[in-house]
Amino acid sequence: MKPRLTVVVPVHRIEGSERNVEECLESVAAQTLTDLDVVMVDGGPPAGGGGDATAARGGPAAAARRFAGRDPRFRIVHHAGGPPAPGCGALRNTGARHAYPHTGYLAFLDADDVLLPRAYEDLVGLLDRSGADLATGNVYRLGAAGRSQSARHPATRETVLRTRLRDDLTLLSDDFARKQGLPPHLLGQAPIRLPRGGVVP
């Protein structure tokens with residue numbers, strides 16, 4: 001299968017986040033765009049240096065392994081960094097380097113995010129129709145009170161198929177790497193790299 005889209009998901013070994021990872025990966029598996037390559041980036045050993053034996057008992061890495069074992073579109077790669085724990089940018093860069101060379105597009109998703117079923121079909125469709133190098137989507141915040149529009153992503157914004165940063169500077173305020181789709185060759189061209197710390201949303 002030639003994937004249309006590689007999805008990079010950093011998997012941090014944070015206590016209590018296994019359910020979030022499970023919900024995130026379920027939402028990816030349920031996408032209407034099925035030609036996916038999902039690269040789950042293992043963020044390193046769990047706290048306390050327990051190694052894989054500790055991680056096997058639970059946690060985000062165990063959820064990632066379950067998906068890799070049951071769905072051939074999901075695979076795990078390991079970040080080769082040491083302490084301190086890598087930030088999201090470093091893990092995303094590792095995942096991007098593991099995208100298949102023939103993949104059409106690249107997307108980033110955090111392990112505590114969930115997608116609507118048509119999210120990637122819509123983003124890839126926009127990229128195909130427009131020839132753009134980047135597509136972004138909407139963001140809702142989910143909480144105990146239900147779903148609310150992200151204050152940083154107004155729902156009143158219209159879909160624009162062709163524009164440039166110099167024509168619409170408000171695009172610079174949309175810095176959520178995890179909700180964007182782009183061709184993987186862009187990350188292979190200097191100077192485009194994601195910051196290595198945890199500052200990229």
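Quick caveat: nothing in here was measured; it's all calculated off a predicted structure.
- Closest approach of V11 to A64, counting heavy atoms only: CG2-CB, 4.3 Å.
- Listed here is the closest heavy atom pair of P10 and A111: O-CB, 3.6 Å.
- No side-chain heavy atom of E22 sits less than 4.5 Å from a side-chain heavy atom of N20.
- Distance CE/M40 to NE2/H98: 13.0 Å, rounded to 0.5 Å.
- To the nearest 0.5 Å, atom CG of residue L116 and atom CD of residue E121 are 12.5 Å apart.
- You'll find the side chain of F67 stays beyond 4.5 Å of the side chain of R73, heavy atoms only.
- Scanning all heavy atoms of the two residues, the minimum distance from L109 to C24 falls at CD2-SG, 3.5 Å.
- We find the CG-CG distance between L91 and N93 to be 9.0 Å, quoted to the nearest 0.5 Å.
- Between I76 and D42 the shortest heavy-atom distance is CG2-CB, 4.2 Å.
- No side-chain heavy atom of V7 sits under 4.5 Å from any side-chain heavy atom of D37.
- From L5, atom CG reaches atom CG of L127 across 9.0 Å, with rounding to the nearest 0.5 Å.
- Separating the CZ atom in R4 from the OG1 atom in T34 is a distance of 10.5 Å, to the nearest 0.5 Å.
- Comment: D110 engages R92 in a salt bridge, judged by a side-chain N to carboxylate O separation of less than 4.0 angstrom.
- Side chain of S27 to main chain of L115: a donor-acceptor pair is present (N/O by atom type, distance under 3.5 Å, no hydrogens or angles).
- Ionic pairing of E26 and R19 is not present here: no N-O contact between side-chain nitrogen and carboxylate oxygen is shorter than 4.0 angstrom.
- At least one side-chain heavy atom of T103 sits under 4.5 Å from a side-chain heavy atom of P3.
- With hydrogens and angles left out, the side-chain atoms of D35 and Y120 include no donor and acceptor closer than 3.5 Å.
- Side-chain contact between T94 and V41 is present, with heavy atoms from C-beta onward closer than 4.5 Å.
- Side-chain contact check for Y105 versus T6: every heavy-atom pair is 4.5 Å or farther apart.
- Using a 4.5 Å heavy-atom cutoff, the side chains of R118 and Q31 are not in contact.
- Between R66 and E18 a salt bridge is recorded (basic side-chain N to carboxylate O distance below 4.0 Å).
- Residues V39 and R75 form a side-chain contact, since some pair of their non-hydrogen atoms from C-beta on lies under 4.5 Å apart.
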